[in-house]
S.K.: 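Have a look at the structure that comes next, please.
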Amino acid sequence: MKLFLFLALLPVLSFAKSFVPNSFSANYEETVVSLVTGKEKKSFGKIDYKFPGNLRFEVTSPVPTLFVVNPKKSWLYQPSHVKGEKDQVTIQKSSNLPLIKFLDSVKNGIEDSKLFTTKYGKNDLTLTFVKTIQKEMGFTEVVLHTEKEAKEVKELSGFNKITLKHINGSKTSIKLIDLKENVSFPPGNFTFKPSSNTKVISN
């Protein structure tokens with residue numbers, strides 16, 4: 001599961017000028033190819049996003065996990081799969097997360113970021129990260145794929161696949177499915193309240 005890698009990616013895209021609406025919701029399919037066996041491992045879930053800095057990332061299969069972040073806090077919730085053990089949630093300040101660096105770096109659009117360079121191919125847009133951030137984020141490049149001319153695509157919905165290139169040489173592909181723009185989310189969608197059966201870890 002490459003949960004945090006994808007979470008790092010979303011703010012990069014979301015704060016590029018005119019790239020996405022103020023809010024969106026989408027299902028996703030993630031595919032990771034093993035360097036050792038060449039086999040594919042898939043996971044599925046849902047993403048909610050609301051400007052500025054609100055994200056809800058839910059892995060529904062194969063291992064349920066929930067990550068919620070707002071401008072003040074983030075929660076990583078991992079339900080227990082062993083009878084008798086408590087669920088677990090890790091809480092930390094949003095300012096401690098690597099993705100905040102992306103939020104700050106792309107205020108003026110992806111072309112002006114100090115953390116990565118951009119390059120257009122015929123059907124793709126490549127974001128290549130500077131050496132100082134590659135180790136922290138765990139990948140070297142993010143490639144956005146489209147069936148159109150990449151330079152003509154001005155919105156996230158115009159790309160049909162995202163590829164993450166990891167520093168160890170492996171790749172992860174992500175498809176956003178049924179993306180809905182300008183969604184009105186219910187109150188509390190970007191907060192998390194643990195139950196009494198949840199072990200709380202604060203960082």
Side-chain angles (χ1 to χ4, degrees), residues 1-15 20-34 36-37 39-104 135-139 162 164 166 168 170 172-203:
M1 181 181 64
K2 303 298 180 181
L3 173 65
F4 290 106
L5 298 181
F6 189 72
L7 290 175
L9 167 65
L10 257 291
V12 177
L13 305 179
S14 300
F15 280 78
V20 298
N22 286 334
S23 65
F24 73 82
S25 181
N27 296 318
Y28 80 89
E29 175 186 315
E30 180 183 75
T31 303
V32 180
V33 180
S34 171
V36 178
T37 64
K39 293 183 177 181
E40 294 185 349
K41 182 178 180 180
K42 292 183 180 290
S43 63
F44 304 86
K46 183 182 179 182
I47 301 165
D48 292 338
Y49 171 79
K50 181 180 179 181
F51 178 89
N54 295 283
L55 187 70
R56 185 182 181 90
F57 189 96
E58 182 177 4
V59 181
T60 57
S61 176
V63 182
T65 308
L66 177 64
F67 184 83
V68 180
V69 60
N70 62 39
K72 294 182 178 181
K73 289 184 178 181
S74 71
W75 297 262
L76 174 61
Y77 173 67
Q78 298 167 297
S80 172
H81 303 291
V82 179
K83 187 176 180 178
E85 289 189 1
K86 287 188 174 183
D87 300 341
Q88 179 174 298
V89 62
T90 302
I91 305 173
Q92 60 181 329
K93 293 181 179 179
S94 295
S95 59
N96 293 333
L97 300 175
L99 63 84
I100 298 301
K101 293 185 178 181
F102 287 101
L103 296 178
D104 294 338
K135 184 176 180 180
E136 181 177 358
M137 299 314 303
F139 52 85
I162 302 165
L164 308 178
H166 307 281
N168 65 0
S170 63
T172 300
S173 65
I174 299 166
K175 295 180 181 180
L176 295 180
I177 305 166
D178 299 328
L179 190 148
K180 298 177 181 178
E181 301 181 346
N182 299 314
V183 178
S184 295
F185 297 108
N189 194 58
F190 300 104
T191 60
F192 181 80
K193 294 182 179 180
S195 70
S196 58
N197 191 45
T198 302
K199 178 181 178 182
V200 178
I201 300 173
S202 298
N203 292 330

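Keep in mind that what you see is a predicted model, and the values were worked out from it rather than measured. Quick note: numbers below take in every heavy atom, side chains included, and nothing from hydrogens, waters or symmetry partners.
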S.K.: Nearest 0.5 angstrom please: Glu30 CD to Thr172 OG1, how far?
M.R.: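 Spacing of CD (Glu30) from OG1 (Thr172) equals 5.5 Å.
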S.K.: Do any N or O atoms from the side chain of Asp87 and from the backbone of Ser80 form a donor-acceptor pair under 3.5 angstrom?
M.R.: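 Such a contact is found between Asp87 side chain and Ser80 backbone.
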S.K.: Measuring from Ser74:OG to Gln92:CD, what's the distance to the nearest 0.5 Å?
M.R.: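 It comes to 4.0 Å.
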S.K.: Measuring from Asn189:CG to Leu55:CG, what's the distance to the nearest 0.5 Å?
M.R.: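 Asn189 CG to Leu55 CG: 10.0 Å, rounded to 0.5 Å.
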S.K.: Below 4.5 Å, heavy atoms only, C-beta onward: do Val59 and Tyr28 meet side chain to side chain?
M.R.: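 Val59 reaches Tyr28 side chain to side chain.
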S.K.: Any heavy-atom pair between the side chains of His81 and Pro64 that's under 4.5 Å?
M.R.: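 They are in contact (side-chain heavy atoms under 4.5 Å apart), so the answer is yes.
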S.K.: Can you name the side-chain contact (heavy atoms from CB on, under 4.5 Å) partners of Thr31, sequence neighbours left out?
M.R.: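 With neighbours one apart ignored, the set is Glu29, Glu40, Lys42, Ser173.
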S.K.: Identify, with sequence neighbours excluded, every residue that meets side-chain contact (heavy atoms from CB on, under 4.5 Å) alongside Ser184.
M.R.: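 If we apply the side-chain contact (heavy atoms from CB on, under 4.5 Å) test to Ser184, skipping adjacent residues, there are no hits.
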S.K.: Between Asn168 and Ser170, do the side chains contain a donor N or O and an acceptor N or O under 3.5 Å apart?
M.R.: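 There is such a pair (donor and acceptor under 3.5 Å, judged by atom type) between the side chains of Ser170 and Asn168.
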S.K.: Rounded at 0.5 Å granularity, tell me how far CZ in Arg56 sits from NZ in Lys50.
M.R.: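 Arg56 CZ to Lys50 NZ: 14.0 Å, rounded to 0.5 Å.
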S.K.: Quick one: pull up NZ in Lys73 and NZ in Lys93 and give me the separation to the nearest 0.5 Å.
M.R.: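 Answer rounded to 0.5 Å: 9.5 Å.
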S.K.: Keeping Thr65 on the side-chain end and Val63 on the backbone end, is there a donor-acceptor pair under 3.5 Å?
M.R.: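 Yes.
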S.K.: Return yes if some donor-acceptor pair links the side-chain N/O of Ser61 with the main-chain N/O of Phe44 below 3.5 Å, else return no.
M.R.: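 Between the backbone of Phe44 and the side chain of Ser61 there is no qualifying donor-acceptor contact (under 3.5 Å).
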S.K.: Can you tell me how far the CD1 atom of Ile174 sits from the CG atom of Leu164, to the nearest 0.5 Å?
M.R.: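 Rounded to the nearest 0.5 Å, the CD1-CG separation comes out at 4.5 Å.
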S.K.: Is Glu58 close to Val68 at the side-chain level, that is, under 4.5 Å between some pair of heavy atoms?
M.R.: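 They are not in contact (no side-chain heavy atoms under 4.5 Å apart), so the answer is no.
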S.K.: Go through the structure and list residues passing side-chain contact (heavy atoms from CB on, under 4.5 Å) with Pro194, not counting sequence neighbours.
M.R.: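 Result, side-chain contact (heavy atoms from CB on, under 4.5 Å) vs Pro194: Val89, Phe192, Thr198, Val200.
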S.K.: Among all residues two or more places apart in sequence or in another chain, which pass the side-chain contact (heavy atoms from CB on, under 4.5 Å) test with Glu181?
M.R.: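 Glu181 satisfies side-chain contact (heavy atoms from CB on, under 4.5 Å) with Pro21, Glu155, Ser157, Leu179 only.
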S.K.: So which atom in Asn197 and which in Lys86 form the shortest heavy-atom distance, rounded to 0.1 Å?
M.R.: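 Nearest heavy atoms, Asn197 then Lys86: O-CB, 3.3 Å.
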S.K.: Contact between Gln88 and Ile201 at the side-chain level, heavy atoms closer than 4.5 Å - yes or no?
M.R.: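 Answer yes - side chains close enough.
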S.K.: Flag the pair Thr191 / Trp75 as yes when at least one side-chain heavy-atom distance between them is below 4.5 Å, and no otherwise.
M.R.: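 Side-chain contact under 4.5 Å: yes.
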S.K.: The criterion is side chain to side chain donor-acceptor pair (under 3.5 Å); which residues satisfy it with Ser202, sequence neighbours excluded?
M.R.: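 Per chain and number, Ser202 pairs via side chain to side chain donor-acceptor pair (under 3.5 Å) with no residue.
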S.K.: For a 4.5 angstrom cut-off between non-hydrogen side-chain atoms, does Asp48 reach Val183?
M.R.: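 Answer no - side chains too far apart.
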S.K.: For Phe185, check ring-ring contact (aromatic ring centres under 6.0 Å, His included) against everything at least two apart and list the hits.
M.R.: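 Residues passing ring-ring contact (aromatic ring centres under 6.0 Å, His included) with Phe185: Phe190.
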